[in-house]
Amino acid sequence: MNLANTLRRIALCDPQRPALYEGTRLCRTYGELAQRAARLAATLRAQGLAPGDRVLLFMRNHPAYLEAIYGCWWAGLAVVPVNAKLHLREAQWIADHAQARWAFVTGDIGTGLQVPGRCIDVDTPACEALFGGEALPLQHRAPADLAWLFYTSGTTGKPKGVMLTHRNLLTMGLTYFADVDPVDARDAIVYGPPMSHGAGLYAIPHVIAGARHVVPASGGFDPAEIFALARSLGRVSMFAAPTIVKRLVDHAQAHGLDGEGFKTIVYGGAPMYAEDIRRALRVLGPRFVQIYGQGETPMVATALSRAHLADTSHPRHAQRLASVGVAQTPVEVRVADAEGRDLPAGEVGEVLVRGDTVMAGYWRDEAATAAAVRDGWLFTGDMGSLDADGFLTLKDRSKDLVISGGSNIYPREVEEALLLAPGVAEVSVVGAPDPEWGEVIVAFVVAEPGRNVTAADLDAVCLQHIARFKRPKRYEFVESLPKNNYGKVLKTELRQRLKEQAR
Ligand code: AMP
């Protein structure tokens with residue numbers, strides 16, 4: 001069960017099929033992509049790399065990303081894709097921790113990275129020379145063998161290396177067709193967001209289906225470029241965190257565009273507020289599917305399908321829109337109390353996931369593995385509740401819960417309410433230490449450009465939609481929210497700011 005076999009079989013039966021584009025320029029057919037993967041594999045093995053060895057990828061989005069991933073898998077090696085926005089020192093920490101032997105980098109970010117073997121800039125003749133030899137036959141891998149070492153974003157401490165196996169990723173890939181979107185060879189996936197994360201993981205189903213893979217010429221996410229690519233290539237899908245979706249929708253509205261050329265936008269990775277998805281559906285049409293997962297069960301826990309999003313006449317449509325949908329096919333999802341006992345529908349507890357996508361563990365960290373996976377169940381650290389129909393609504397990560405005057409307040413609920421206020425672009429709600437209440441709710445608010453939002457307006461909206469005790473005690477009006485490299489709001493940093501203010 002080598003993931004690279006999915007590339008080999010398409011190349012065998014349909015070698016002329018277009019595989020890889022840089023912008024609108026076709027650079028590889030499936031036949032060429034497989035041939036290059038097999039040749040790279042031969043060189044890597046000839047230079048002393050052994051099955052199971054790790055190869056680091058520290059690159060901006062680049063056509064060579066897919067060649068490197070599939071070349072390594074072909075040779076039986078594991079890849080360690082690293083977020084291109086990390087500092088060189090952070091990437092070096094990951095290279096050392098993963099004990100990566102070789103690295104592929106783009107010169108803009110990776111020059112200077114130290115590994116015991118070679119550090120190859122993919123834009124140099126030295127890299128091209130690696131593809132020059134004979135092809136290696138596809139190497140056998142067992143289902144439990146390591147394929148991808150996925151480093152968590154490490155918003156709370158050092159990143160951990162999530163061990164994803166060939167079985168994990170093949171299951172994830174096949175599940176895409178069952179729960180997210182059927183794919184065929186005419187489709188195209190566009191790598192706007194970083195390929196080291198969800199966008200790159202979704203290369204797997206698109207290779208299985210023999211679809212087109214498109215790396216924007218800019219190597220990153222630029223809404224104007226993505227719209228232009230969608231219009232010229234057609235049937236384009238993309239994975240996007242909610243902040244990226246918001247930028248696409250803003251761009252479409254500002255330029256009078258619709259969803260022409262887009263097939264599917266899969267969103268996930270952070271909370272999507274009900275107001276935001278309503279607007280996205282209005283502007284870009286019924287092209288959205290939501291997934292909820294985490295590195296430890298990549299892209300697979302629950303999904304909110306296109307059909308559920310479109311079912312506006314359902315009596316519980318509003319709740320479903322604010323949910324993350326139902327368990328995806330290969331996993332069971334439950335909500336449990338602190339002792340791991342099932343909670344009844346409607347009660348909030350920790351979200352647990354079990355199935356073939358759950359990681360093999362954390363790399364070189366048995367204690368963290370034992371804490372995260374117990375009796376086969378992954379303890380996600382996310383809080384949520386299931387309804388009687390099996391829809392999961394996420395509240396917040398357990399560490400983001402605010403306890404004020406003895407009552408639990410989920411910031412997400414307050415954020416959803418504040419976003420209903422006219423002129424509010426973004427919000428983030430956290431708890432601040434308070435001598436009287438233990439913690440009080442503080443909302444960081446970003447207004448839309450040119451709009452003036454006042455605390456009184458926000459209070460009025462809260463009083464209309466949520467219990468009085470959940471209303472923020474204070475509003476901080478800011479220009480922008482601190483976010484990590486994948487677009488997630490850094491609540492830790494907001495809490496830190498409040499602590500410093502209190503000193
Ligand atoms: P990562 O491992 O970096 O992909 O982060 C996973 C975390 O992102 C999850 O544990 C959730 O807290 C959050 N997350 C992922 N998908 C969603 C979603 N659809 N809605 C809300 N939060 C999400």
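Order of listing sets the numbers, starting from 1, for every ligand and every atom in it.
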Protein contact of atom 16 (N) of ligand 1 - nearest heavy atom, named by residue and atom, plus distance: Gly269 N, 2.9 Å

Ligand 1 contacted by Ile291 (non-hydrogen, < 4.0 Å): yes

Pair Lys263 + Asp181, salt bridge at N-O below 4.0 Å: yes

Aromatic centroids of Phe227 and Phe262 separated by under 6.0 Å: yes

Which segment of Gln290 sits under 4.0 Å of ligand 1 when only heavy atoms are counted: side chain

Within-shell test, Thr152 vs ligand 1, heavy atom, strictly < 4.0 Å: no

Carboxylate-amine/guanidinium contact Arg316 Asp389, below 4.0 Å: yes

Where ligand 1 meets Leu394 - atom numbers and elements under 4.0 angstrom, heavy-atom basis: 20 (N), 21 (C), 22 (N)

Under-4.0 Å salt bridge between Glu426 and Arg247: no

No-hydrogen, no-angle side-chain donor-acceptor test under 3.5 Å, Glu225 and Ser218: yes

Min N/O separation Tyr267 to ligand 1 under 3.5 Å: no

Closest approach of any protein heavy atom to atom 12 (O) of ligand 1, naming residue and atom: Asp382 OD1, 2.6 Å

contact_flag Gly293 ligand 1 heavy-atom lt 4.0 Å: yes

Proximal ligand 1 atoms for Gly295, defined as those under 4.0 Å from one of its heavy atoms: 1 (P), 2 (O), 4 (O)

Nearest protein heavy atom with distance in Å, relative to atom 23 (C) of ligand 1: Ala270 N, 3.5 Å

Distance-only donor-acceptor check, side chains Thr329 and Thr175, under 3.5 Å: no

Atom 4 (O) of ligand 1 - nearest protein heavy atom and its distance: His197 NE2, 3.4 Å

Full working for side chain to side chain donor-acceptor pair (under 3.5 Å) between Thr165 and Arg141: CA-CA 10 Å; Thr165 65; Arg141 291 277 78 193; over 6 Å; no

Check ion pair Arg278-Glu275 (N to O, under 4.0 angstrom): yes

Under 3.5 Å side-chain donor-acceptor pair for Tyr410 and Asp400: no

Close-contact set for ligand 1 against Gln294 heavy atoms, below 4.0 Å: 2 (O), 4 (O), 6 (C), 9 (C), 10 (O)

Any N/O pair Phe150/ligand 1 closer than 3.5 Å: no

contact_flag Lys488 ligand 1 heavy-atom lt 4.0 Å: yes

